[in-house]
Amino acid sequence: MSRFFINRPIFATVISLVIVIAGGVSFFSLPIAKFPQVSPPTVQVKAVYPGANAKTIAETVATPIEQEVNGVEGMLYMSSTSASDGSYTLTVTFELGVDMDMASVLVQNRVAIAEPKLPEDVRRQGITTKKQSTQILQFITLSSSDGQYDALYLSNYALGIKDELSRVAGVGEVTVFGAGDYSMRVWLDPRVLKQRGLTTQDVVQAIQEQNVQVAAGQIGSAPAPEGTEFELTVNTQGRLIEVEEFEDIVISAGEGGRLLRVGDVARVELGAKSYTFDSTYLGRPSTAMAVYQLPGSNAMETASSIRTKLDELQAANNWPQG
């Protein structure tokens, strides 16, 4: 067969040109869905240990989770990052063709086995397991052209945009960088704590006990005395909101009924949950959002849908152009 084409170079050239032209025509008409998957699918596990360093996270969070997740069905390899800001990210890479929904469930089941071994603060913050590509598809930046809004306001405003973009087809995750969520920050004075014979844990325990949402119950519900005509639901104050409310939290009671409050040993202010990240745009405070692609989705279509959604939000909220 090879000798036939070697002895007839013109015929071989014509055949090659026909194949190239047919491939070029097919390239523009073949649906994207028909192309094979070339990048292996991934599942990410994220956890947060507030105040912990990278070594502590690696020992107390990464080790228990990775011991359980290792060897999950269809897994090729896994990699993790323990950061100094208290965050932990585990990326599990699976073989091509693996059902991502089933892979996510399998990883989540393994993480659930490791959860009782994790510190209480980590379990309280929550552990998330999602199908997500490791590559960032787009960066979106919000800034105030006249400097009216600071980075803290913009980052919290971006949370509403995040919810909208997360519903766009093909988006796996939207991460907001910047000043972070609003948070009530309590700055303790160590000298006052020492004078009062208190520890940091005493203040933390008082805040946790008094800053709660409770069900106060009902008055007049069955079994009630005969003749009770009304059944009333008791509404009580829930979680605290204002700075003054946190300052009034009682830590302890002294002689003569004198109360020691948080405001006596600390300075309370409404600030950012974390100051790890800082974002600027043209020298102005801003916040950035990273959009991650959902494994198996089309990057071009997803990016176009995100642009369309931003245009819709811009028109609905009267944002300035650009």
Side-chain angles (χ1 to χ4, degrees), residues 1-46 66 69-81 89-110 128-141 161-162 164-175 177 288-315 322:
M1 180 64 69
S2 59
R3 185 180 298 276
F4 176 84
F5 289 99
I6 293 174
N7 294 332
R8 297 168 177 80
I10 297 177
F11 181 77
T13 302
V14 172
I15 293 296
S16 300
L17 291 175
V18 171
I19 295 175
V20 171
I21 294 174
V25 173
S26 301
F27 176 80
F28 293 101
S29 60
L30 187 65
I32 297 297
K34 297 297 183 181
F35 286 94
Q37 184 75 18
V38 294
S39 59
T42 57
V43 174
Q44 282 196 345
V45 179
K46 294 183 178 181
E66 293 172 13
V69 175
N70 186 33
V72 66
E73 291 84 349
M75 185 190 81
L76 288 177
Y77 57 88
M78 62 182 183
S79 60
S80 65
T81 302
T89 303
L90 171 65
T91 302
V92 185
T93 305
F94 288 86
E95 300 174 353
L96 292 174
V98 170
D99 185 350
M100 285 307 303
D101 292 328
M102 182 58 64
S104 180
V105 171
L106 293 175
V107 173
Q108 191 169 7
N109 290 341
R110 296 292 187 96
T128 60
T129 303
K130 291 184 178 181
K131 302 176 293 181
Q132 179 178 321
S133 173
T134 57
Q135 301 297 324
I136 297 177
L137 178 64
Q138 277 184 330
F139 266 111
I140 302 171
T141 303
I161 301 177
K162 173 185 175 181
E164 295 286 345
L165 296 181
S166 298
R167 293 191 288 268
V168 174
V171 174
E173 175 71 13
V174 180
T175 302
F177 298 100
M289 293 182 291
V291 181
Y292 293 86
Q293 182 183 355
L294 190 68
S297 62
N298 182 273
M300 298 299 295
E301 291 181 356
T302 302
S304 178
S305 299
I306 292 173
R307 182 70 259 182
T308 301
K309 175 58 69 173
L310 290 175
D311 292 339
E312 294 176 359
L313 295 174
Q314 183 178 16

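Owing to the predicted nature of the structure, the values given are computational and were not obtained by experimental measurement.
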request  = Please examine the side chains of M78 and T93, heavy atoms only from C-beta on, and report whether any two atoms are closer than 4.5 Å.
outcome  = no
message = How close do R110 and V69 get, counting heavy atoms only, and between which atoms?
response = NH1-O, 3.8 Å
remark   = Those residues at least two apart in sequence (or on a different chain) that pass side-chain contact (heavy atoms from CB on, under 4.5 Å) with I306 are L137, Q138, I140, L165, V168, V171, V291, T302, L310
request  = Evaluate the side chain to side chain contact (heavy atoms under 4.5 Å, CB included) criterion for residues Q314 and D311: first the C-alpha distance (whole Å), next the side-chain angles of each, then the deciding distance (0.1 Å), finally the verdict.
outcome  = CA-CA 5 Å; Q314 183 178 16; D311 292 339; 4.0 Å; yes
ask   = At what distance, to the nearest 0.5 angstrom, does NZ of K131 lie from CG of D101?
value = 4.0 Å
ask   = Could you give the distance from CG (L76) to OG1 (T42), rounded to the nearest 0.5 Å?
value = 11.0 Å
task = Measure the spacing between OG of S104 and CG of D99 and express it to the nearest 0.5 Å.
result = 10.0 Å
For residues 4-15, which side-chain donor-acceptor pairs fall under 3.5 Å, sequence neighbours excluded?
| unit_1 | atom_1 | unit_2 | atom_2 | d |
| --- | --- | --- | --- | --- |
| N7 | ND2 | R3 | O | 3.2 |
| R8 | NH1 | F4 | O | 3.3 |
| T13 | OG1 | P9 | O | 2.8 |

task = Would you mind listing every side chain to side chain donor-acceptor pair (under 3.5 Å) that reaches into residues 71-81, with sequence neighbours excluded?
result = E66-S80
request  = Please round to the nearest 0.5 Å and tell me the distance separating atom CD of Q44 and atom OG1 of T91.
outcome  = 4.0 Å
message = Do Y292 and I136 make a side-chain contact, defined as non-hydrogen atoms from C-beta onward lying under 4.5 Å apart?
response = yes
query = Roughly how far, to the nearest 0.5 Å, is CD of E173 from NZ of K130?
reply = 3.5 Å
key: V92/L90 under side chain to side chain contact (heavy atoms under 4.5 Å, CB included): CA gap, chis, key distance, verdict   = CA-CA 6 Å; V92 185; L90 171 65; 4.0 Å; yes
ask   = Between V43 and M75, is a side chain to side chain contact (heavy atoms under 4.5 Å, CB included) present by the stated rule, with each step listed?
value = CA-CA 10 Å; V43 174; M75 185 190 81; over 6 Å; no
query = After noting the C-alpha distance and the side-chain angles of L106 and F94, does the key distance pass the side chain to side chain contact (heavy atoms under 4.5 Å, CB included) rule?
reply = CA-CA 12 Å; L106 293 175; F94 288 86; 5.7 Å; no
key: Exercise: identify the closest heavy-atom pair between I161 and M289   = CG2-CE, 3.8 Å
